[in-house]
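Report on the following structure.
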Amino acid sequence: MHTKHRIELIIERMAYKRACRLLEAAGMTGYTVLPALAGFGGGNRWQRDSDISMARDMVVIVSIGDEERVQNAIEQIESLLGSHVGVVNISEVRVLRDERF
Amino acid sequence: MHTKHRIELIIERMAYKRACRLLEAAGMTGYTVLPALAGFGGGNRWQRDSDISMARDMVVIVSIGDEERVQNAIEQIESLLGSHVGVVNISEVRVLRDERF
Amino acid sequence: MHTKHRIELIIERMAYKRACRLLEAAGMTGYTVLPALAGFGGGNRWQRDSDISMARDMVVIVSIGDEERVQNAIEQIESLLGSHVGVVNISEVRVLRDERF
Amino acid sequence: MDIVASTLLSPIILFFMLGMAAALLRSQMSVPEAFAKGLAIYLMMAIGLKGGVEMSKNPLTIEVGLVLLAGAVLSFALPVIAFVLLRFTTKLERIDAAATAAHYGSISIVTFVAASEAVRASGLVASGHMVAVAAIMETPAIVSALLLALTGKQAKSIAGAERGELFREVALNASIVVLVGALAIGWIAGEEGTQQVEPFFVGMFQGVLCLFLLDMGLNAGRGLRNGWRSLGIGTVGFGFYMPLISAGITALICMALPISVGDAALLMTLAASASYIAVPAAMRLALPEAKPSVYLTLSLGITFPFNVTIGIPIYIWLAHVVAN
Amino acid sequence: MDIVASTLLSPIILFFMLGMAAALLRSQMSVPEAFAKGLAIYLMMAIGLKGGVEMSKNPLTIEVGLVLLAGAVLSFALPVIAFVLLRFTTKLERIDAAATAAHYGSISIVTFVAASEAVRASGLVASGHMVAVAAIMETPAIVSALLLALTGKQAKSIAGAERGELFREVALNASIVVLVGALAIGWIAGEEGTQQVEPFFVGMFQGVLCLFLLDMGLNAGRGLRNGWRSLGIGTVGFGFYMPLISAGITALICMALPISVGDAALLMTLAASASYIAVPAAMRLALPEAKPSVYLTLSLGITFPFNVTIGIPIYIWLAHVVAN
Amino acid sequence: MDIVASTLLSPIILFFMLGMAAALLRSQMSVPEAFAKGLAIYLMMAIGLKGGVEMSKNPLTIEVGLVLLAGAVLSFALPVIAFVLLRFTTKLERIDAAATAAHYGSISIVTFVAASEAVRASGLVASGHMVAVAAIMETPAIVSALLLALTGKQAKSIAGAERGELFREVALNASIVVLVGALAIGWIAGEEGTQQVEPFFVGMFQGVLCLFLLDMGLNAGRGLRNGWRSLGIGTVGFGFYMPLISAGITALICMALPISVGDAALLMTLAASASYIAVPAAMRLALPEAKPSVYLTLSLGITFPFNVTIGIPIYIWLAHVVAN
Ligand SMILES: Nc1ncnc2c1ncn2[C@@H]1O[C@H](COP(=O)(O)O)[C@@H](O)[C@H]1O
Ligand SMILES: Nc1ncnc2c1ncn2[C@@H]1O[C@H](COP(=O)(O)O)[C@@H](O)[C@H]1O
Ligand SMILES: Nc1ncnc2c1ncn2[C@@H]1O[C@H](COP(=O)(O)O)[C@@H](O)[C@H]1O
Ligand code: NA
Ligand code: NA
Ligand code: NA
């Protein structure tokens with residue numbers, strides 16, 4: 001078991017490809033994007049099935065990698081987040097198969 | 001980077017608005033709800049696409065906030081969970097943009 | 001509040017039932033499966049809505065349990081992962097209602 | 001019997017059986033939930049519109065009012081019978097018995113549609129206002145069952161701010177909104193006004209129903225395969241005899257009502273059918289401790305297949321006996 | 001007026017009102033997003049094909065070119081007017097005003113369809129190339145609004161590699177791809193070539209529209225209920241008077257154009273309608289700081305209901321005045 | 001040639017090309033997966049029912065049995081040829097070559113449908129039992145390819161408890177369940193019994209196909225754009241010449257079979273088509289180490305577009321040569 005860092009980035013669905021490109025550029029070897037169903041932030045609630053434009057939909061991007069790359073990725077994401085509504089959190093996790101990261 | 005707490009609440013889809021209202025009441029500044037596809041608990045399996053009533057569907061609510069509010073939220077959720085089938089876990093994470101929480 | 005371990009297993013949708021069976025066999029009392037929308041790994045990107053075969057879809061399995069069972073589960077999953085493309089991570093979390101795990 | 005054969009060999013029922021067989025053989029195929037929910041909304045719109053258009057052709061009479069009243073009373077009363085039977089003949093806990101009882105007092109709109117087809121196929125005529133009866137029977141059973149559950153000690157679970165939420169779920173769930181709304185729209189717009197939407201809502205109806213019943217078969221089969229172990233033999237039996245009891249009671253009521261054979265057959269079917277969409281959802285809110293594996297397996301895995309195959313021909317036959 | 005009654009009592013609008021009422025009464029029902037998006041694609045295919053087939057019957061004339069040009073100019077110009085009005089009469093920030101302005105310069109294809117039905121119902125004729133006008137009006141408003149936003153200091157947000165992404169979202173979004181594509185296919189295949197797909201794309205159209213408008217009503221009502229608090233009275237008012245201003249300006253232009261009454265009514269409707277699918281998505285990419293709760297509540301919660309109920313009859317009446 | 005033009009200019013193919021063009025131009029539009037999967041189930045039901053109804057009109061003859069047998073043999077044998085070609089002409093690993101071979105032995109039902117339309121459009125007649133041939137050809141190729149893969153050392157991967165799961169996925173996947181089930185239902189219910197569902201399953205078929213092919217075009221284009229870099233030139237070439245080889249071999253077999261021109265064209269199309277729904281899913285279970293970016297890019301990104309545009313006219317022409 002090896003210690004890695006896990007980024008969890010909650011961001012607008014429309015902007016997720018931008019964030020993904022940043023993760024790739026920062027050298028992360030993989031990520032997975034999960035759809036959200038509903039949420040609340042800044043005093044506003046949203047719900048996927050009540051908005052056909054998808055303009056308020058959010059997704060959660062999970063990416064696991066070693067400390068250095070994650071640090072790298074976070075710096076880039078920080079600037080992206082300047083204009084977007086996302087929330088990002090990082091935690092330490094243990095993983096199998098170190099060679100994959 | 002600032003340390004925050006991350007609540008992850010797995011609860012019935014039909015009841016998620018109740019849980020969300022508690023989170024809002026506890027002062028959490030945001031949360032995101034993810035749909036689940038399938039699951040297992042109490043000896044029973046369920047699958048989203050095999051149940052048109054959605055009565056067994058679960059969702060995962062993720063909410064990040066400071067320790068105090070999370071503590072506050074958890075107390076409220078504990079009473080809600082008395083009758084519901086949810087599972088809740090809390091972990092420590094680091095976040096960007098402290099001012100948003 | 002009690003300390004438990006949280007497994008997060010990212011695996012092909014087609015193979016998730018195999019992983020679930022292993023978790024059940026390892027004595028985990030529950031798990032929840034979340035659908036993914038898109039992802040990147042091994043140099044390839046995928047997107048759910050661009051592939052009607054679902055052959056590239058991934059899911060995220062979250063399962064919370066006590067240390068011993070999680071250890072047990074991980075050993076089994078390690079062998080499953082031999083042939084599958086999954087990523088697995090483990091973290092420590094605090095939970096309510098110890099008796100449910 | 002001829003009705004039995006023509007019911008069992010109609011494409012609708014054959015697709016249901018196909019789905020059920022596939023699920024029991026453990027095929028992994030499934031109809032995506034979002035698609036099936038969309039079809040369900042279509043079906044309720046189509047049923048409501050049809051009923052509304054037909055109602056617009058005839059004046060509302062006292063006879064219609066009596067049938068509506070009979071429906072409401074049945075929906076209130078049947079859960080009490082179901083609850084007592086479950087408590088005496090099975091080991092189900094009070095709360096599971098009450099939740100299950102709610103399902104059997106309420107109705108299954110797909111069973112209603114299947115019966116409407118069978119009624120038409122056997123040369124009978126059914127009235128448009130039976131859709132209104134279906135709508136009216138959705139809710140009282142839930143209220144009735146909650147009262148049964150709350151006489152126990154779980155009372156706290158529906159206190160406070162959640163009552164509003166529960167009320168909206170019970171009174172404004174998708175089935176009721178769409179069914180009653182489409183009924184009203186059909187009534188307002190009338191035959192002429194709905195002519196342009198007829199190819200979609202009338203022409204496609206039977207076909208969409210096939211697709212939907214394929215999914216229902218998959219759901220029913222899967223529910224049965226996963227759930228039957230958690231049910232005792234008494235509970236399984238209940239899934240078979242309760243519809244017959246409900247239909248029998250309704251038959252008695254029909255003898256006292258000025259009701260046509262076709263309408264009587266549909267009223268019996270409504271009474272005999274068990275909800276598997278609206279009520280399970282409401283129960284999750286109102287009685288979260290009740291086990292879905294009990295009530296869903298019973299209503300969807302046992303009673304629904306029983307009704308659409310064997311039940312409906314029985315109810316039509318019974319209608320010939322009690323009405324005229 | 002007769003048009004008003006027949007518009008308001010058509011099943012399409014009644015289903016819209018049903019959805020809106022259900023949402024305002026806080027019903028939890030919803031149409032799954034995946035299903036609604038599928039229906040939206042169907043509708044755009046059907047509209048495009050119909051327009052293309054009709055265009056294939058007539059040669060392209062200079063008159064058609066003039067109407068297309070008028071549409072493009074309106075789409076460019078209206079956001080400027082909307083922006084100025086919002087900045088002077090409301091407290092919206094520059095970026096929110098610009099994002100909102102983009103919506104009002106662009107168009108709502110469902111409003112267009114509802115107007116087409118009303119035009120037809122009132123005995124007028126509309127041309128196939130109005131679909132091309134609709135397609136052409138989708139995009140210029142976005143460009144115009146971005147220029148307005150960027151004259152402020154947010155300029156950095158659309159720099160660099162993101163411009164390509166934004167261009168593709170704006171020029172190749174689903175509405176434009178499907179609408180323009182289907183228009184071309186209808187044109188190429190002609191009446192004969194599309195005969196086989198007619199039962200689906202023509203026969204089902206009105207019915208699918210009912211289902212879609214039920215969902216639109218739910219969305220609009222929910223948007224309104226959640227969002228109205230965040231809008232000042234001036235902003236709410238804008239949602240009502242801006243469509244009238246747009247239609248009025250278009251009416252003036254129509255007086256100078258060789259345009260039929262039916263086409264004029266549609267052009268006014270296009271100008272008066274506000275986007276709630278393509279533009280919000282583009283704004284999320286281009287101006288992520290702008291608040292969706294402002295522009296979506298306005299366009300979907302206020303202007304869309306206004307247009308499909310009261311607006312369209314007004315525009316048809318106005319078309320009789322200015323065109324012939 | 002006339003067939004080529006009428007194939008290429010039919011709305012179905014034009015919508016496919018629209019989708020492909022949009023994806024290659026990097027439009028972000030997409031058809032939600034849940035909706036597309038729902039349409040796929042509809043299409044398979046419609047195809048199965050149609051075949052079944054037609055089969056119910058004619059007795060089953062030895063000739064039919066021979067064509068079914070030919071289909072099964074082809075599905076078994078073609079993967080061997082594909083595998084050998086891939087191993088000798090490309091750098092693909094054994095497991096990737098085997099997984100790809102499975103796709104080319106199995107069939108694409110949408111290609112089959114497109115060919116059926118083209119056959120009909122060129123004045124030929126095809127038999128209902130060709131749907132049964134399609135169903136029979138789905139599976140043997142998978143078995144054959146697994147044997148090829150397992151003669152290597154990956155043998156362990158299909159051991160133990162997973163064999164049952166794999167068997168169910170292969171023998172009871174959605175395509176087979178729905179196709180064979182609907183075929184049987186069409187056969188049982190016959191023309192009269194399915195009359196009520198005809199407006200949905202026959203009338204809508206062409207239109208739904210347009211919508212589905214728009215999505216297929218998007219998928220194919222996106223697959224091609226993302227995947228072509230990971231394929232060598234030899235592998236890309238295989239995607240073009242393998243369908244021709246399969247069709248050629250089938251042509252030889254057709255010379256020995258008592259088969260009509262229309263049926264021969266369809267049999268060649270089935271042989272030439274490559275699976276992109278059922279087989280990829282099965283490969284993920286059976287050979288998870290094989291790369292989807294190889295086999296999906298080939299079957300969906302190259303062979304499918306090739307077949308529906310150029311291939312089908314060639315096979316129809318070839319059918320005229322070998323059958324009569
Ligand atoms: N503290 C939080 N925890 C989890 N999700 C959040 C949080 N804050 C915001 N979100 C998500 O981000 C979306 C936009 O929030 P905001 O950036 O506050 O407007 C919300 O609708 C939520 O889905
Ligand atoms: N230990 C667990 N880890 C993750 N999810 C769980 C766990 N236990 C229960 N769940 C989820 O909660 C649902 C209800 O479980 P239960 O409350 O045990 O009936 C399950 O179907 C799972 O989706
Ligand atoms: N480091 C990672 N973090 C999160 N998800 C990953 C990671 N690596 C791979 N994945 C997911 O697993 C899928 C297959 O990746 P791979 O096993 O690298 O081919 C990807 O498409 C992602 O969805
Ligand atoms: Na009942
Ligand atoms: Na406009
Ligand atoms: Na083949």
Side-chain angles (χ1 to χ4, degrees), chain D residues 31-46 48-49 52-53 164-205 207-208 277-278 281-282 284-285, chain E residues 5-43 46 113-114 116-118 120-121 198-215 217-218 221-222 225:
Chain D
V31 178
E33 186 202 30
F35 194 75
K37 258 189 88 179
L39 296 186
I41 293 174
Y42 162 86
L43 291 174
M44 290 184 296
M45 285 172 86
L49 275 176
V53 169
E165 181 190 22
L166 182 58
F167 169 77
R168 286 191 300 275
E169 185 62 36
V170 167
L172 294 175
N173 65 50
S175 322
I176 292 186
V177 166
V178 179
L179 214 53
V180 174
L183 196 77
I185 292 172
W187 201 353
I188 296 171
E191 187 133 47
E192 211 190 345
T194 56
Q195 205 175 305
Q196 298 233 306
V197 299
E198 225 191 80
F200 184 60
F201 287 116
V202 179
M204 302 298 104
F205 188 72
V208 175
I277 300 188
R284 272 320 239 186
L285 277 180
Chain E
S6 87
T7 300
L8 290 180
L9 295 181
S10 74
I12 295 172
I13 302 305
L14 290 173
F15 273 111
F16 175 75
M17 288 174 175
L18 173 63
M20 195 134 177
L24 291 175
L25 291 169
R26 302 180 60 189
S27 164
Q28 297 299 311
M29 87 156 280
S30 66
V31 178
E33 185 201 30
F35 194 75
K37 258 188 89 180
L39 296 186
I41 294 174
Y42 162 86
L43 291 174
V113 168
S116 307
E117 300 301 329
R120 204 176 34 66
E198 226 192 78
F200 184 59
F201 287 116
V202 178
M204 301 298 105
F205 187 73
Q206 301 271 339
V208 175
L209 204 55
C210 287
L211 190 34
F212 193 73
L213 275 169
L214 174 65
D215 185 41
L218 289 165
R222 222 159 269 159
R225 195 162 53 70

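Naming: A, B, ... by sequence-line order, numbering from 1 per chain. Here the structure is a predicted model, which means the values were calculated and not measured.
Note that the CG atom of L14(E) and the CG atom of L49(D) stand 10.0 Å from one another [nearest 0.5 Å]. Rounding to the nearest 0.5 Å places OG of S10(E) at 11.0 Å from CD1 of I188(D). Taking CD from E165(D) and CZ from R26(E), the interatomic distance works out to 9.0 Å, rounded to the nearest 0.5 Å. Rounding to the nearest 0.5 Å gives a distance of 8.0 Å between CG of L18(E) and CE of M45(D).
Closest of all the heavy-atom pairs between P32(E) and K37(D) is CG-CB, 3.6 Å. Residues A34(D) and F35(E) come closest through the heavy atom pair O-CB, 3.9 Å. Here the shortest heavy-atom pairing between L9(E) and A189(D) reads O-CB, 4.4 Å. The heavy-atom pair separating L25(E) from R168(D) by the smallest distance is O-CD, 3.5 Å. Here the shortest heavy-atom pairing between S27(E) and V177(D) reads OG-CG2, 3.9 Å.
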In sequence, state the C-alpha distance, the side-chain angles, and the governing distance for I41(D) and D215(E), and then conclude on side-chain contact (heavy atoms from CB on, under 4.5 Å). CA-CA 10 Å; I41(D) 293 174; D215(E) 185 41; over 6 Å; no
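Neither the backbone nor the side chain of A281(D) comes within less than 4.5 Å of any heavy atom of chain E. When heavy atoms are compared at a cutoff of 4.5 Å, L214(E) approaches chain D solely by way of its side chain, counted from C-beta outward. In this structure, the portions of F15(E) lying under 4.5 Å from any heavy atom of chain D include both its backbone and its side chain. For I176(D), no part sits under 4.5 Å from any heavy atom of chain E, backbone or side chain. Residue contact with chain E, scored on non-hydrogen atoms closer than 4.5 Å, involves the side chain of E169(D) exclusively. For E117(E), the part sitting under 4.5 Å from any heavy atom of chain D is the side chain, from C-beta outward, and nothing else.
A heavy-atom distance below 4.5 Å is not found between the side chains of Q196(D) and I12(E). Two residues are said to be in side-chain contact when any heavy atoms from C-beta on lie closer than 4.5 Å; L211(E) and F200(D) meet this criterion.
No other option in V31(E), L39(E), V208(E) has as many heavy-atom pairs under 4.5 Å with chain D as V208(E). Per-residue heavy-atom pair counts under 4.5 Å with chain D were compared for P199(E), C210(E), A21(E), and the maximum is reached by C210(E).
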